[in-house]
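I am attaching a structure below and will ask some questions about it afterwards.
Excluded from the calculations below are hydrogen atoms, water molecules and symmetry mates; all remaining heavy atoms, backbone and side chain alike, are included. It should be emphasised that the depicted structure is a prediction, and the values quoted were computed from it without experimental measurement. Per chain, numbering begins at 1; letters A, B, ... match sequence-line order.
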Amino acid sequence: MRDDEMKRIAGRWAELEGQRLLAERDALNRDGVRLLLPRADAQVQQLLRRPKPNRAQRRRRMWTAIAACLAVYLILPHALLAARDAGGASAPQDAASTSSAAAEPIPIPFHVPEHYAVLSASMDNGVGVYYIAHEDGDDVVVTVAPEEEGAAAPGEVMPDEVEIDGETVAAAVTPDYKMLSFEKGGDVYTLSCREDMGTLAALYRELRNEK
Amino acid sequence: MVLVFTFDTVSERDRFAALYERYRKLMYVKALDILRDPMLAEDAVSEAFIRVYRNMGKIEGVDSPRTAAFLVTIVRNAALTIYARRRGDAVPEEDVFLETAAGADPHGVEDLVERDLTNEDVVRVVGALDEQSRAIFVLKYAYDLPHREIAEQCGITENYVTVKLHRIRKKITEELRIGN
């Protein structure tokens with residue numbers, strides 16, 4: 001059964017059950033007697049005083065990573081493709097950043113698989129952004145966000161899931177782009193491309209299996 | 001008592017406070033139904049609101065039916081977890097062989113869901129699920145909680161959530177077929 005049908009059933013059930021519960025709630029509250037729950041009251045007061053655990057920071061990092069993927073993918077492709085066609089792409093593990101030539105080379109934290117070349121690498125708010133090109137397929141933007149710096153877990157930010165070799169992987173699938181996200185070695189990796197989830201799946205396997 | 005602003009927005013804090021005021025009694029009653037112990041029921045309410053706090057993004061209007069169902073699902077899960085913990089029960093996680101699509105009827109499922117489901121159908125098929133399965137199903141498909149959060153709320157592993165969801169889909173398909 002398709003997920004959208006399951007959502008339809010679950011949503012209707014929540015609506016029906018919720019209406020019944022609201023009536024029950026209002027009947028209970030109508031007597032005007034306040035139930036004594038001193039420990040629960042104290043706990044809630046603690047919550048009302050406590051700062052949310054890095055939620056805003058984690059959201060900022062998530063959207064930074066996604067914006068970086070999309071900005072690189074949608075705004076720079078022509079310039080980078082021209083550089084590639086002119087032989088400007090190189091496969092060394094340390095790629096120069098897209099900023100000035102005097103900048104320190106940014107190390108690539110993963111082994112670039114065979115048949116891929118790194119077109120650019122940059123750091124954005126602690127998130128590494130790497131634009132890599134396959135010799136005969138979709139170009140891919142890879143972001144690597146350290147979890148210790150508050151990166152959101154993949155399942156928290158990706159709306160979809162796909163199955164790859166029996167594993168459920170967090171994903172985003174839209175008409176304009178495809179994304180996969182997974183954790184490895186304390187970092188959150190996000191892969192995005194324009195066209196083909198298969199390209200991301202193949203890269204996912206390479207990155208997952210590298211030692 | 002002065003409430004100190006620590007939420008992302010003032011409205012979020014006010015919504016949380018309003019949820020607690022309006023739902024604490026209902027949630028206590030639901031927890032007491034399961035636990036039969038006032039102190040444990042209060043603990044369940046307390047635990048439930050910690051979970052609500054973590055999932056404020058899933059809360060719509062304070063008086064929305066979906067919000068009511070969400071909060072009660074959460075407190076029932078909290079109560080069930082406390083109940084299992086008190087009994088020393090580990091939640092069983094059977095090995096499940098996920099059937100491949102090879103033996104499935106490729107036409108049956110789509111035919112079943114093409115017709116309009118009545119409210120009675122919806123109540124019946126979801127009601128046929130056991131308590132834990134119903135909670136997992138609703139948290140996943142009505143509220144789009146990630147597997148990790150569902151696992152934490154139900155006191156099971158993330159992997160088992162995935163397995164359970166597969167079984168739940170099969171169960172619902174079977175229930176729809178029976179009704180048809």
What verdict does the side-chain contact (heavy atoms from CB on, under 4.5 Å) test give for I9(A) and Y141(B), after you've listed the backbone C-alpha separation in whole Å, the side-chain angles of each residue and the deciding distance to 0.1 Å? CA-CA 8 Å; I9(A) 294 170; Y141(B) 289 110; over 6 Å; no

Any chance you could measure L71(B), atom CG, to L21(A), atom CG, to the nearest 0.5 Å?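 The CG atom of L21(A) is 10.0 Å from CG of L71(B), to the nearest 0.5 Å.
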
Quick one: pull up CG in N119(B) and CH2 in W13(A) and give me the separation to the nearest 0.5 Å.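 Separation between the atoms: 13.0 Å.
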
Side chain, backbone, both or neither: which part of V125(B) has a non-hydrogen atom closer than 4.5 Å to chain A?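 Side chain only.
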
For M27(B), is it the side chain, the backbone, both or neither that has a heavy atom under 4.5 Å from a heavy atom of chain A?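 Contact with chain A involves no heavy atom of M27(B) at all.
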
By a 4.5 Å heavy-atom criterion (distance strictly below it), what part of F70(B) contacts chain A: side chain, backbone, both, or neither?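 Interface part for F70(B): neither.
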
Roughly how far apart are D121(B) CG and R12(A) CZ, rounded to 0.5 Å?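 Answer for the CG-CZ pair, D121(B) versus R12(A), is 8.0 Å.
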
By a 4.5 Å heavy-atom criterion (distance strictly below it), what part of F16(B) contacts chain A: side chain, backbone, both, or neither?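 For F16(B), the contact with chain A is made by the side chain alone.
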
Is the backbone N or O of L26(B) less than 3.5 Å from a side-chain atom of E24(A), with the two atoms forming a donor-acceptor pair by type?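 Pair absent, no side-chain N/O of E24(A) close to backbone of L26(B).
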
Minimum heavy-atom distance A40(A)-V45(B), with the two atoms named: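 Heavy atoms only, the tightest pair is CB-CG1, 4.3 Å.
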
Closest non-hydrogen atom pair between G18(A) and A68(B), with its separation: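 Between these two residues, the closest heavy atoms are O-CB, 3.8 Å.
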
R22(B), part contacting chain A, at a heavy-atom distance under 4.5 Å: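 Both backbone and side chain of R22(B) come within 4.5 Å of chain A.
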
Can you tell which part of S64(B) gets under 4.5 Å to a heavy atom of chain A, answering side chain, backbone, both or neither?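 Contact with chain A: backbone only.
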
Using a strict cut-off of less than 4.0 Å between a Lys/Arg side-chain nitrogen and an Asp/Glu carboxylate oxygen, indicate whether R134(B) and E17(A) qualify as a salt bridge.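 E17(A) and R134(B): not salt-bridged.
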
Assess the residue pair M39(B) and R39(A) against the criterion (side-chain contact (heavy atoms from CB on, under 4.5 Å)); give the C-alpha distance rounded to whole Å, side-chain angles, the decisive distance to 0.1 Å, and a yes or no. CA-CA 9 Å; M39(B) 285 189 65; R39(A) 286 176 297 117; 3.6 Å; yes

Is a donor on one side and an acceptor on the other found under 3.5 Å between the side chain of R8(A) and the backbone of L117(B)?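 Looks like no, no N/O pair under 3.5 Å.
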
Nearest 0.5 Å please: distance from the CG atom of L22(A) over to the CZ atom of R66(B).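 That separation rounds to 12.5 Å.
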
So which atom in A14(A) and which in A69(B) form the shortest heavy-atom distance, rounded to 0.1 Å?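 Minimum heavy-atom contact is O-CB, 3.5 Å.
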
Side chain, backbone, both or neither of L37(A) within contact of chain B (heavy atoms, under 4.5 Å):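 Both backbone and side chain.
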
Do D41(A) and R24(B) meet the salt-bridge criterion of a basic N to acidic O distance under 4.0 Å?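 A salt bridge links R24(B) with D41(A).
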
Point-to-point distance, once rounded to the nearest 0.5 Å, from OG1 of T162(B) to CD of E167(A):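 These two atoms lie 11.0 Å from each other.
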
CD of Q46(A) to OH of Y53(B): how many Å apart, nearest 0.5 Å?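 It is 10.5 Å, given to the nearest 0.5 Å.
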
Contact summary for M6(A) and R169(B), nearest pair of heavy atoms: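 Scanning both residues, the minimum pair turns out to be CE-CG, 3.1 Å.
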
Pair K25(B) + D26(A), salt bridge at N-O below 4.0 Å: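 D26(A) and K25(B): not salt-bridged.
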
So which of V123(B), L145(B), T67(B), D43(B) has the largest heavy-atom pair count under 4.5 angstrom toward chain A?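 Result: the option with the highest number of such pairs is D43(B).
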
Heavy-atom pair count under 4.5 Å with chain A, highest-scoring of Y20(B), F137(B), Y28(B), F49(B):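 The answer is Y20(B).
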
Lys/Arg-Asp/Glu bridge criterion (N-O < 4.0 Å) met for E21(B), R25(A):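 Salt bridge absent between E21(B) and R25(A).
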
State, with a plain yes or no, whether a side-chain heavy atom of Q43(A) is found less than 4.5 Å away from one of E47(B).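 SC-SC contact between Q43(A) and E47(B) ruled out.
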
